[in-house]
Amino acid sequence: MNFNDKVYRLCKLIPKGKVSTYKEIAKALDSRGYRAVGNALNKNPYAPVVPCHRVVSYSSHLHGFLHGLAAKRKLLESEGIKIKNNKVIDFEKVLFRF
DNA sequence: TATTTGACCAAGA
DNA sequence: ATCTTGGCCAAAT
């Protein structure tokens, strides 16, 4: 099982209406490679399969998404997550820990 | 094999 | 508030 595959698997585990962070994912993988997590998602060979839009930075700030942050915000809001200035509101409430 | 890169994080200037 | 630096890890080149 590759590191990336684990990342993708965890991403798919994030329930609708919740978000997670690179750090949390890395921690769930017994690694401190939160950076590698972002790197993995950046490649994202499983483009539509993996809901990578539910992953934000630790400060709840949205970072580069495939279709642009605007589309992301819309998508997240449709799941019940509020976004303001590319940041997640009530971040701690919607944060999903593994 | 070695170096660079990145959707990161924290701390300092 | 913005920019830089150092540290972290895996994948890509």
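Chain letters run A, B, ... following the sequence lines, proteins first and then strands; every chain starts at 1.
- Dashed line: the shortest gap from a side-chain N or O of Ser57(A) to OP1 or OP2 of dC9(B) is under 4.0 Å.
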Dump the pairs, protein N or O against N or O of nucleotides 10-12 of chain B, anything under 3.5 Å, distances to one decimal.
from: dA10(B); atom 1: OP1; to: Lys23(A); atom 2: NZ; distance (Å): 3.2

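- Leu95(A) and Glu24(A) get closest at one heavy-atom pair: CD1-CG, 4.5 Å.
- Nucleotides of DNA chain C with any atom under 4.0 Å from a heavy atom of chain A span, from 5' to 3', dG7(C) to dA12(C).
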If you look only at distance, which donor and acceptor atoms sit under 3.5 Å apart when one is on a side chain in residues 28-39 of chain A and the other is two or more places apart or in another chain?
from: Ser31(A); atom 1: OG; to: Gly33(A); atom 2: N; distance (Å): 2.9

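- At a threshold of 4.0 angstrom between heavy atoms, the contacts of Phe3(A) are confined to the sugar-phosphate backbone, with no base atom among them.
- Atom NZ in Lys43(A) sits about 8 Å away from atom C1' in dG6(B), given to the nearest Å.
- Here Glu77(A) does not pair with Lys74(A) in a salt bridge; the nearest charged N to carboxylate O distance is not below 4.0 Å.
- Closest heavy-atom contact between Phe98(A) and Ile14(A): CZ-CG1, 4.1 Å.
- Put simply, CZ on Arg35(A) is 14 Å from P on dT4(B), counting in whole angstrom units.
- Atom-to-atom, CZ of Phe91(A) to C1' of dC9(B) comes out at 13 Å; the value is rounded to the nearest Å.
- Rounded to whole Å, the distance from CD1 on Ile14(A) to P on dA7(B) is 18 Å.
- Closest approach of Cys11(A) to Pro51(A), counting heavy atoms only: O-CG, 3.4 Å.
- To the nearest angstrom, P of dA7(B) lies 13 Å from OH of Tyr8(A).
- A pairwise comparison of heavy atoms in Thr21(A) and Ser57(A) identifies CG2-O, 3.8 Å as the closest pair.
- Here the P atom of nucleotide dA7(B) and the CG atom of Asn42(A) are 5 Å apart, to the nearest Å.
- Interatomic distance, CZ of Arg54(A) versus CD1 of Ile81(A), reported as 7.5 Å (0.5 Å rounding).
- Each of Tyr58(A) and Leu76(A) belongs to its own hydrophobic cluster when Ile, Leu, Val, Met, Phe, Trp and Tyr are linked at side-chain heavy-atom distances under 4.5 angstrom.
- Applying the 4.0 Å criterion to OP1 and OP2 of dG6(B), one finds that Asn39(A) has every side-chain N and O outside that range.
- In summary, Lys16(A) and Glu79(A) do not engage in a salt bridge, as defined by a charged side-chain N under 4.0 Å from a carboxylate O.
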